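Read the structure below first, then the notes.
All of these numbers come straight from a predicted model, not from anything done at the bench.
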Amino acid sequence: DPTYMVRACRTNASDAVYCSILGQNAVHAAFAGLSAVTVGMCSGHYVYLPIPPVISAARTVDPEGRMFERLRFAIGQPTFSKT
């Protein structure tokens with residue numbers, strides 16, 4: 001299971017800004033009376049996502065796929081393959 005192999009890297013300024021914006025948008029949603037939503041980014045826009053559809057199915061990661069390769073490169077994780 002590749003989720004056990006993913007290691008985190010230190011946060012940077014971009015992470016701090018992103019988390020701050022997510023937090024601010026979550027507060028705006030709460031003050032607007034929205035419930036059962038989470039905040040995320042889609043196509044460069046911050047959006048409110050309804051929680052039930054988001055959690056309706058487990059997300060899967062293809063350890064041979066392009067996105068996993070990008071993740072490994074971004075966080076500097078070594079390859080754990082046996083080849």
* Structure fact -> One should read off an interatomic distance between Asn25 CG and Leu34 CG, to the nearest 0.5 angstrom, of 11.0 Å
* Asked: Out of curiosity, does Tyr48 fall in the hydrophobic cluster containing Tyr18 (side-chain heavy atoms, cut-off under 4.5 Å, transitive links)?
  -> yes
* Asked: Between Arg72 and Glu69, is there a salt bridge with N-O shorter than 4.0 Å?
  -> yes
* Transitive ILVMFWY side-chain link Val47 to Val39, under 4.5 Å -> no
* To do: Looking only at non-hydrogen atoms, find the nearest pair between Val37 and Ala29 and report the distance.
  => CG2-CB, 4.2 Å
* ILVMFWY network linking Val54 to Tyr46, side-chain heavy atoms under 4.5 angstrom -> no
* Asked: Taking a hydrophobic cluster as the set of Ile, Leu, Val, Met, Phe, Trp and Tyr residues connected by side-chain heavy atoms closer than 4.5 Å, whether directly or through intermediates, do Met41 and Val17 fall within one such cluster?
  -> yes
* How close do Ala36 and Pro52 get, heavy atom to heavy atom, and via which atoms? -> O-CD, 4.0 Å
* Between the main-chain N or O of Asn12 and the side-chain N or O of Asp15, is there a donor-acceptor pair closer than 3.5 Å? -> yes
* To do: Starting at CD1 of Ile55, measure out to CG of Leu49 and round the result to the nearest 0.5 Å.
  => 12.5 Å
